[in-house]
Amino acid sequence: MKSYEKGLWLFILLLTGSLMYAVFFLVPPAEGLGNLVRIAFFHIPVAWVSVLAFLVSAWYALRYLRRPQSRFDAISAESAKLGLIFVVLATVSGAMFSKLTWGAYWNWDPRQTTIFVLLLIYAAYLTLRSVIPDGQRRARVSAIYALFSFLTVPFLVFLIPRFYFSLHPSPLLNASCTIDMDPLMLRVLLASLVDVTCFYLTLLYHRVKEVHHHET
């Protein structure tokens with residue numbers, strides 16, 4: 001591992017440790033949610049990074065279709081895999097919040113329903129890649145699927161849940177496009193977003209590097 005890679009991992013570890021201290025010892029309880037608000041500092045960042053990962057997957061899928069290169073296919077595929085992992089983490093943390101707040105892990109709330117659909121879409125993507133033996137055909141078909149799959153993400157994550165009654169707390173960005181949050185909470189949340197994003201990008205870099213190592 002190169003020195004700059006070690007430095008990045010050290011930065012992530014230090015930031016994660018500092019955030020855990022802030023979340024559990026500095027962030028005050030939220031009105032209406034109490035100490036359960038602490039789950040949000042994990043749930044929101046992993047949900048955000050899942051959207052980012054699917055966007056990166058779609059972008060490199062488009063680049064592959066315009067100029068086929070194995071590296072573009074690898075980045076698109078690995079980002080989609082990571083996105084699915086982060087969606088699972090968002091689902092699990094959301095289910096924990098649901099159990100502690102409403103007494104059930106799953107109640108088919110609109111946001112739970114749409115995230116379940118998202119899980120199915122990207123699980124199908126990975127299944128599709130696994131059943132096509134020819135590398136070039138697999139890359140092309142996967143790229144087309146990744147593009148069309150991402151078209152559903154804004155609707156499933158941001159739009160459809162807003163049209164139905166939901167027990168889910170109001171989104172961070174409310175209807176008036178303002179953020180109503182304690183300043184300390186907001187700073188910790190933004191730092192959490194940076195932390196999980198750096199973690200995703202570092203994982204993506206290493207996974208793509210490993211794929212190319214196996215290919216060569």
Side-chain angles (χ1 to χ4, degrees), residues 1-57 59-60 74-75 77-102 105 111-112 115 118-119 122 153 157-158 168-174 178-213:
M1 186 181 292
K2 297 180 180 179
S3 59
Y4 71 87
E5 294 175 344
K6 293 180 180 179
L8 182 56
W9 279 117
L10 180 61
F11 167 76
I12 293 172
L13 287 172
L14 290 174
L15 181 57
T16 301
S18 300
L19 286 168
M20 290 183 66
Y21 176 81
V23 168
F24 288 103
F25 297 103
L26 299 180
V27 170
E31 183 179 353
L33 293 176
N35 286 317
L36 293 181
V37 73
R38 304 186 197 285
I39 297 176
F41 294 94
F42 175 80
H43 175 73
I44 293 175
V46 295
W48 145 254
V49 167
S50 67
V51 174
L52 174 62
F54 294 144
L55 173 61
V56 170
S57 177
W59 171 249
Y60 278 93
I75 295 174
E78 294 304 319
S79 190
K81 292 176 186 177
L82 288 172
L84 185 60
I85 292 172
F86 281 104
V87 166
V88 171
L89 292 175
T91 304
V92 171
S93 57
M96 291 174 57
F97 180 87
S98 176
K99 175 65 175 178
L100 294 171
T101 307
W102 309 313
Y105 288 108
R111 291 188 181 276
Q112 290 180 325
I115 203 170
L118 195 61
L119 281 168
Y122 279 93
V153 173
V157 176
F158 302 112
H168 191 283
S170 300
L172 178 63
L173 192 65
N174 57 35
T178 59
I179 299 176
D180 184 17
M181 180 178 283
D182 176 86
L184 175 59
M185 286 185 178
L186 181 58
R187 288 195 294 271
V188 173
L189 179 59
L190 292 176
S192 299
L193 291 171
V194 171
D195 185 37
V196 180
T197 301
C198 288
F199 184 60
Y200 152 71
L201 292 173
T202 305
L203 283 178
L204 179 61
Y205 169 79
H206 282 283
R207 289 174 70 102
V208 172
K209 184 178 178 181
E210 185 176 334
V211 169
H212 276 279
H213 176 73

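Values below: all heavy atoms of this structure, side chains included; hydrogens, waters and symmetry mates excluded.
- Contacts classified as salt bridge (charged side-chain N to carboxylate O under 4.0 Å, His left out) and involving residues 83-97 (residues at least two apart or in different chains) are not found.
- In this structure Tyr122 satisfies the side chain to side chain donor-acceptor pair (under 3.5 Å) test with no other residue, sequence neighbours excluded.
- The salt bridge (charged side-chain N to carboxylate O under 4.0 Å, His left out) check on Arg207 picks up Glu78, with sequence neighbours excluded.
- For Thr91, there are no side chain to side chain donor-acceptor pair (under 3.5 Å) partners at least two apart in sequence or on another chain.
- Shown here are the side chain to side chain contact (heavy atoms under 4.5 Å, CB included) partners of Val157, two or more places apart in sequence or in another chain: Val51, Leu118, Val153.
- Thr16 pairs by the side chain to side chain donor-acceptor pair (under 3.5 Å) definition with Asp195, not counting sequence neighbours.
- Not counting sequence neighbours, Ser50 has no partner by the side chain to side chain donor-acceptor pair (under 3.5 Å) test.
- Listed by chain and residue number, Leu10 satisfy the side chain to side chain contact (heavy atoms under 4.5 Å, CB included) test with Leu14 (two or more places apart in sequence, or in another chain).
- In Tyr205, the OH atom is crowded: over 12 heavy atoms of neighbouring residues, nucleotides or ligands sit closer than 6.0 Å.
- Qualifying side chain to side chain contact (heavy atoms under 4.5 Å, CB included) partners for Val188, counting only residues two or more places apart in sequence or in other chains: Leu19, Ala22, Val23, Val27, Phe41, Leu184, Ser192.
- In this structure, the side chain to side chain contact (heavy atoms under 4.5 Å, CB included) partners of Phe199, at least two apart in sequence or on a different chain, are Trp9, Ile12, Phe86, Leu203.
- Listed by chain and number, the residues in a ring-ring contact (aromatic ring centres under 6.0 Å, His included) with Tyr21 are Phe25 (sequence neighbours excluded).
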